Amino acid sequence: MIPNSPDGPTQLEIFRKMALLKANDERSRKVITTGRLVMPYYSYRGQEVIPSALAVNLKDTDYLCTIYRGIHDMLAKGLPLKDLWAEIAGRVDGTCKGKGGPMHLTDVKHGVMVTTGIVGASMPIANGLAWASQLRGEDRVAVATFGDGASNIGAFHEALNLAAVWKLPTIFVCQNNRYGEHTAYAKATGAKNIADRGLAYGIPGVRVDGNDPVAMYNAAREAVERARAGEGPTLIEAMTFRFHGHVFGDKGGYIPKEELEEAIAADPYPRFRAKLIADGIATEAQLAEIESGFEKDLDEAVDFALASPFPGIEELTSDVYGAAA
Amino acid sequence: MIPNSPDGPTQLEIFRKMALLKANDERSRKVITTGRLVMPYYSYRGQEVIPSALAVNLKDTDYLCTIYRGIHDMLAKGLPLKDLWAEIAGRVDGTCKGKGGPMHLTDVKHGVMVTTGIVGASMPIANGLAWASQLRGEDRVAVATFGDGASNIGAFHEALNLAAVWKLPTIFVCQNNRYGEHTAYAKATGAKNIADRGLAYGIPGVRVDGNDPVAMYNAAREAVERARAGEGPTLIEAMTFRFHGHVFGDKGGYIPKEELEEAIAADPYPRFRAKLIADGIATEAQLAEIESGFEKDLDEAVDFALASPFPGIEELTSDVYGAAA
Amino acid sequence: MSQEQITVLQAYSQALMDAMTEDDEVIVLGEDIADPEEGGVVGVTKGLSSKFGELRVRTTPIAEEAIIGAAVGASLVGFKPVAEIMLMNFTTVAMDMIVNHAAKLRYMSGGQTHCPLVIRTMTGGGMSTGGQHSDYYEAWFAHTPGMKVVCPSTTEDAYGLLRSAIEDPDPVLIVENLPIYWTKGPKPASDHRVPLGKAKVVVPGTDVTIVSYSRTALESLGALQALGEAGISAEVIDLRTIQPWDQETVLASVEKTGRLLVAHEAVVPFGAGAEIAAVVQDKLFGKLKAPVKRIGAPFNPVPFSKPLETEHVINGAKIAEAAIALVKG
Amino acid sequence: MSQEQITVLQAYSQALMDAMTEDDEVIVLGEDIADPEEGGVVGVTKGLSSKFGELRVRTTPIAEEAIIGAAVGASLVGFKPVAEIMLMNFTTVAMDMIVNHAAKLRYMSGGQTHCPLVIRTMTGGGMSTGGQHSDYYEAWFAHTPGMKVVCPSTTEDAYGLLRSAIEDPDPVLIVENLPIYWTKGPKPASDHRVPLGKAKVVVPGTDVTIVSYSRTALESLGALQALGEAGISAEVIDLRTIQPWDQETVLASVEKTGRLLVAHEAVVPFGAGAEIAAVVQDKLFGKLKAPVKRIGAPFNPVPFSKPLETEHVINGAKIAEAAIALVKG
Ligand SMILES: Cc1ncc(C[n+]2csc(CCOP(=O)(O)OP(=O)(O)O)c2C)c(N)n1
Ligand SMILES: Cc1ncc(C[n+]2csc(CCOP(=O)(O)OP(=O)(O)O)c2C)c(N)n1
Ligand SMILES: [Mg+2]
Ligand SMILES: [Mg+2]
């Protein structure tokens with residue numbers, strides 16, 4: 001772990017991303033609740049710190065493979081709000097012309113290469129992107145995000161082992177929110193900590209408070225530097241919690257009341273917001289302005305999305321195959 | 001590790017199994033070389049200690065799931081020579097009426113439940129047998145044997161994790177012969193030792209000299225006792241070597257000459273044989289008699305097999321489905 | 001059979017409850033299936049673990065190979081595991097255990113062992129879940145010797161086929177359509193069974209035979225009004241079992257009507273409809289008034305965008321249109 | 001094309017060697033494929049890593065999901081990976097990466113990305129390898145939108161199809177038959193290509209069309225003498241590509257002969273032959289002199305015992321018998 005913490009501007013940038021992510025999640029649930037959009041939605045509220053503190057260590061040219069619960073990862077990586085909203089609304093102005101939807105967003109411009117709905121699948125594919133970087137002698141890294149439950153599926157094991165023996169610049173970011181759908185961590189996972197699994201591949205396994213922007217920043221930075229330096233992959237287990245159940249509509253009845261209350265009481269967003277003010281990194285007014293700015297952007301993005309046309313019927317059968325060389 | 005070593009009779013029993021296995025392997029290669037039988041054959045010569053020292057801790061009622069390189073495992077578990085030879089000769093008197101062959105032997109009477117040709121597949125199935133034992137409140141254990149290369153495939157990970165969280169009486173015996181087909185251990189495996197992977201599931205991971213009958217016996221005994229006592233699974237990494245390449249015909253050109261010579265010089269069979277005599281556990285004459293006895297048994301088994309008829313053509317389409325209840 | 005109404009979902013639940021009550025060797029496993037996990041993501045297994053305990057009704061990690069492997073192992077020694085693979089697309093991470101093991105162990109062991117297990121899985125388009133959550137792969141498993149495949153569409157078939165599948169000595173894949181879980185029908189009695197391999201003539205007719213299954217069987221009924229208005233009398237057959245499928249019933253019907261339309265939700269090319277068409281054109285050569293026609297999804301992945309998904313998924317209107325074209329030529 | 005003779009195995013090797021020489025973005029991965037591991041278990045990739053280095057020609061752990069995943073990822077950014085899955089039965093542990101990802105990413109991304117990768121796999125009966133090492137699953141992949149599937153049978157097709165597959169912008173599964181690796185044929189020139197989706201009329205004929213592929217295409221030729229003696233003129237078509245398959249060539253032939261026999265090594269029910277039969281009976285309704293017939297393996301796993309395996313695997317004699325029955329019957 002690198003001791004020195006991120007400087008003020010970096011912390012502010014992390015907060016800016018967190019604010020964007022939080023505002024987007026709240027808007028998403030509102031839009032669904034009010035019936036303006038119908039889609040399966042996997043809220044990431046409570047997990048904003050992880051991709052925010054990670055993304056400030058990444059470039060547009062770095063690769064991201066994420067999952068159905070990954071809109072926070074993509075926004076932090078740079079996916080524009082309008083492209084996002086048009087896509088999740090199934091409109092032609094979406095990144096995937098509406099054909100991918102919320103579980104399958106791709107935005108090559110910002111390195112969002114794959115979003116998968118299959119547990120574990122983000123990892124083996126990220127390795128291929130990392131191999132490409134190695135082949136081209138670039139310093140690009142490939143980030144695979146996934147959940148705690150995903151660390152128990154075969155793809156996790158095969159991918160981490162391959163990354164280790166190939167010394168790939170892949171960063172495996174496990175967002176441990178303590179539940180896989182309705183199943184609690186301990187009921188599904190033999191390891192005391194997922195980070196312990198690094199040893200099984202001879203790679204660093206780092207367990208970090210994923211709700212602490214400074215700790216997460218440092219863990220991410222070290223992993224990214226190792227990867228860029230050709231020192232191989234890192235497994236990061238970032239501890240966090242999802243506030244709104246697995247998928248929109250899930251009441252989370254399987255979560256002990258106290259556990260949920262504690263987690264929400266420890267919401268990293270207001271904590272970090274207060275810290276920035278206390279540390280004199282930003283004023284209440286500045287932060288409020290950032291937040292209201294995103295509300296405006298979201299108003300525009302949602303309107304833009306709902307005003308965008310649906311793809312024409314010819315899109316149903318296009319993009320299945322390319323034109324043979 | 002249990003300090004006290006197996007008593008004389010037990011050591012002699014281990015030797016008896018080793019002698020049977022070694023004689024059977026040599027006969028198998030001879031029969032193929034002389035063209036009396038055609039089959040894919042995966043020699044286990046050099047690995048005899050592992051199943052022999054394991055099997056003396058098992059009962060017929062314990063379950064075994066093994067692999068294409070598993071005839072040593074089956075013989076040690078009790079599979080009769082005639083049933084084996086008739087099967088690998090594809091004859092109707094074989095355990096599977098000749099329909100399974102050398103890669104797919106089953107012998108329910110002696111607990112040989114599954115032999116698979118798919119790397120990794122022995123492990124998830126062994127868990128089901130262990131679960132059955134749990135459900136019936138029995139003290140039966142299920143043993144899954146597999147190779148070092150198999151420890152890198154998804155099924156290994158999923159099976160060990162499930163066994164851990166379900167506290168199953170499954171014993172995972174990795175026969176680490178340093179190569180997976182033509183690929184050396186380090187080129188395929190991120191872990192320094194496969195035993196280290198036990199930590200990834202919160203279960204004991206034991207690394208043992210699989211060519212030392214006493215060490216292997218103690219490791220197996222402890223794992224079996226834990227399993228019978230309901231204390232859950234154990235991962236055993238038994239270090240060994242295969243003397244004759246991956247499959248019959250493989251000249252092993254990818255194995256450094258010195259490595260092979262060293263391994264063969266350290267052949268556990270003559271070493272253990274000498275030890276038994278030195279320790280006064282048996283005389284040269286007794287051991288020679290055991291060995292010649294198996295040669296006779298093998299003469300009979302091979303003749304029996306080759307005299308047994310091939311299955312009738314009606315067997316081609318039978319055993320696909322059972323008679324609906 | 002009582003006339004109390006239940007949903008298809010409740011029919012599956014009831015079948016599991018009754019089977020476990022009657023036979024201690026019926027066990028259930030899958031992701032989130034026990035009651036501490038709310039009895040499954042849609043609740044089919046709700047109540048089972050509370051009644052039978054978490055040793056017999058066991059929530060698993062997200063590890064489909066481990067799930068099917070455990071089912072295979074337990075089935076080898078007499079248990080009757082019912083394994084849930086949440087969605088059919090996720091069978092892709094368990095294919096080895098299903099195809100190389102569950103389906104083959106009876107044969108490879110020369111009959112010494114066999115796998116009386118059931119794999120329950122769910123799928124079906126129209127829920128805006130995008131490209132990886134609603135595919136139909138029944139043709140893959142029907143192409144696999146040793147497997148049986150059933151696709152219920154009603155409460156009675158859901159109950160009767162699942163009970164028969166659990167009692168069957170071989171591995172049975174039961175494909176449950178998600179969108180119709182909440183449709184209602186009569187509550188079957190606990191002795192109700194539907195034999196595997198038997199199709200059902202749902203509506204008799206004379207001009208054209210429509211063979212379908214799963215939700216598509218209901219869509220075929222939805223086509224009847226339009227067909228009636230077009231003066232066409234259609235015989236609707238719910239195939240129910242895809243492997244082994246009921247050639248006798250289908251051939252008898254097509255021999256009578258002289259025309260066959262096979263409709264399913266899967267993509268048409270190399271789909272289950274191809275096998276049915278291939279057999280019918282052979283057995284009834286010279287007796288057909290028109291070629292066997294097939295209708296299903298176009299040959300592309302499932303799109304997210306609503307209008308595209310709606311166009312992608314087969315429905316009654318498309319079936320009616322195809323049947324009219326087939327009869328009117 | 002030079003008349004130097006090489007084996008089918010050498011044709012695949014040469015295709016990889018030439019493709020890697022001409023295009024730096026062609027990369028190869030799989031188990032044991034690099035030269036320290038002897039260039040693959042049968043040696044198809046021998047020499048590649050020595051020439052192009054172990055970063056471009058990379059031996060992998062035994063982890064097929066990781067193999068295809070790495071191929072998918074590298075293909076997304078312009079590389080043309082050729083991944084080897086040693087045997088077709090082992091595709092069962094990589095189905096998710098192939099079906100849910102390689103085949104769908106172009107579509108789900110709205111065309112932003114695509115997967116120009118090749119999966120080489122080997123299979124084929126007759127080698128006494130038992131129930132898990134010689135199955136044909138081409139029908140599964142042909143049923144998967146986004147996938148292409150090819151099955152070469154000669155040195156020229158092995159070379160030409162593999163080169164075309166590598167140059168193709170989409171995922172192509174190339175099924176290599178193991179028993180015919182050592183058969184010989186002309187050595188193709190480095191500019192030789194065989195377009196995907198084009199069948200080949202190997203022998204013209206008038207009484208019956210025999211459509212087959214992979215080793216079975218050679219067995220069909222083996223049937224010609226018996227057919228000739230029976231006074232039957234057979235037109236033999238090597239389909240070569242299963243997805244997309246060449247309807248034009250097949251339909252033109254069957255329109256001429258009036259009879260079609262589809263032969264493949266896979267089990268018949270729900271096999272690729274069903275699709276061909278279904279299309280032909282539709283497009284040529286009323287023009288057929290006999291029903292479309294299919295021949296292949298019986299519906300059981302592959303047995304080990306030699307006489308059973310021999311009976312299980314399709315051969316020229318069985319094809320001749322079926323074709324004679326079709327014409328005379
Ligand atoms: C192979 C596979 N099995 C099951 C599922 C169904 N599923 C979707 S999300 C999920 C839970 C994943 O939990 P975790 O990995 O912890 O990620 P989280 O949702 O908590 O972010 C499951 C079981 C799936 N998508 N893919
Ligand atoms: C899923 C799968 N991939 C590849 C193979 C081909 N294969 C058969 S044995 C083998 C090597 C296995 O090595 P290891 O696990 O160390 O066992 P060993 O043969 O050394 O005893 C491979 C790659 C297979 N049978 N199954
Ligand atoms: Mg989670
Ligand atoms: Mg090995």
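All figures in this text were calculated on a predicted structure; none of them were measured in a lab. Values below: all heavy atoms of this structure, side chains included; hydrogens, waters and symmetry mates excluded. Each chain gets a letter, A, B and so on, in the order its sequence line appears, and its residues count up from 1.
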Original post:
Given that the side chain runs from C-beta out, which part of D:Pro36 has a heavy atom under 4.5 Å from chain B: side chain, backbone, both or neither?
Top reply: both

Subject >> Which atoms of D:His312 approach chain B - backbone, side chain, both or neither, heavy atom under 4.5 Å >> reply: both

Subject >> Salt bridge D:Lys46-D:Glu38, side-chain N to carboxylate O under 4.0 Å >> reply: no

Original post:
In terms of side-chain heavy atoms, does B:Glu259 have a donor or acceptor partner in B:Tyr179 at a distance below 3.5 Å?
Top reply: yes

Subject >> Top contributor to chain D interface from B:Lys99, B:Met39, B:Glu181 [non-hydrogen pairs under 4.5 Å] >> reply: B:Glu181

Original post:
In terms of side-chain geometry, is the basic nitrogen of D:Lys306 or D:Glu309 positioned less than 4.0 Å from the acidic oxygen of its partner?
Top reply: yes

Subject >> Heavy-atom pairs under 4.5 Å with chain D, option from B:Asn152, B:Asp250, B:Thr116, B:Thr183 with the top count >> reply: B:Thr183

**OP:** Taking only Lys NZ, Arg NE, NH1 and NH2, and the carboxylate oxygens of Asp or Glu, determine whether B:Arg29 and B:Asp25 approach each other closer than 4.0 Å.
**Re:** yes

Original post:
Which residues in residues 94-101 of chain D have a heavy atom less than 4.5 Å from any heavy atom of chain B?
Top reply: none

Original post:
Out of D:Ile33, D:Asp35, D:Ile27, which residue meets the side chain to side chain contact (heavy atoms under 4.5 Å, CB included) rule with D:Val57?
Top reply: D:Ile33

Subject >> Contacts with chain D made by residues 80-91 of chain B (heavy-atom distance under 4.5 Å), listed by residue number >> reply: B:Glu87, B:Ile88, B:Ala89, B:Gly90

Original post:
D:Arg294 and D:His264: side-chain donor and acceptor closer than 3.5 Å?
Top reply: no

Original post:
Which one, D:His133, D:Met127, D:Glu65, leads in non-hydrogen pairs under 4.5 Å with chain B?
Top reply: D:His133

Subject >> D:Asp32 vs B:Lys187, salt bridge (charged side-chain N to carboxylate O under 4.0 Å, His left out): CA-CA, chis, key distance, verdict >> reply: CA-CA 10 Å; D:Asp32 306 305; B:Lys187 202 164 180 177; over 6 Å; no

**OP:** Give the member of B:Ala150, B:Gly100, B:Ala155 that has the highest number of heavy-atom pairs under 4.5 Å with chain D.
**Re:** B:Gly100

**OP:** Assess whether salt bridge (charged side-chain N to carboxylate O under 4.0 Å, His left out) is satisfied between B:Asp148 and B:Arg178, documenting all intermediate values.
**Re:** CA-CA 7 Å; B:Asp148 47 294; B:Arg178 302 189 228 158; over 6 Å; no

Original post:
Out of curiosity, D:Thr123 OG1 to D:Arg215 CZ, how far, rounded to the nearest 0.5 Å?
Top reply: 10.5 Å

Original post:
What option among B:Pro102, B:Gly154, B:Ala184, B:Ala121 has the most heavy-atom pairs under 4.5 Å with chain D?
Top reply: B:Pro102

Original post:
Among B:Val119, B:Ile118, B:Thr189, which residue forms the greatest number of heavy-atom pairs with chain D at distances under 4.5 Å?
Top reply: B:Ile118

Subject >> Proximal to chain D - members of residues 308-318 of chain B, heavy-atom separation under 4.5 Å >> reply: B:Phe310, B:Pro311, B:Gly312, B:Ile313, B:Glu315, B:Leu316, B:Thr317

Original post:
Between B:His182 and B:Tyr254, what is the ring plane arrangement, given parallel below 30°, perpendicular above 60°, and tilted in between?
Top reply: parallel

Original post:
Is it true that B:Asp107 and B:Lys77 make a salt bridge, defined as a side-chain N closer than 4.0 Å to a carboxylate O?
Top reply: no

Subject >> From D:Thr92, D:Asn89, D:Thr121, D:Thr91, residue fulfilling side-chain hydrogen bond (donor to acceptor under 3.5 Å, both in side chains) relative to D:Tyr137 >> reply: D:Asn89

Subject >> Region of B:Tyr321 that comes under 4.5 Å of a non-hydrogen atom in chain D >> reply: side chain

Original post:
Between the side chains of D:Glu37 and D:Thr59, does any donor sit under 3.5 Å from an acceptor?
Top reply: yes

Original post:
Does a donor on one side chain sit under 3.5 Å from an acceptor on the other, for D:Asn177 and D:Tyr136?
Top reply: yes

Original post:
Listed by chain and number, what are the salt bridge (charged side-chain N to carboxylate O under 4.0 Å, His left out) partners of D:Arg58, not counting sequence neighbours?
Top reply: none

Original post:
Are B:Thr66 and B:Ser122 linked by a side-chain donor-acceptor pair shorter than 3.5 Å?
Top reply: no

Original post:
With chain B, which of D:Gly130, D:Ala63, D:Pro307 has the greatest number of heavy-atom pairs at distances under 4.5 Å?
Top reply: D:Pro307

Original post:
Between B:Asn193 and B:Glu237, is any side-chain donor less than 3.5 angstrom from a side-chain acceptor?
Top reply: no

Original post:
Does the side chain of B:Thr240 pick up a donor-acceptor pair with the side chain of B:Asn177 at under 3.5 Å?
Top reply: no

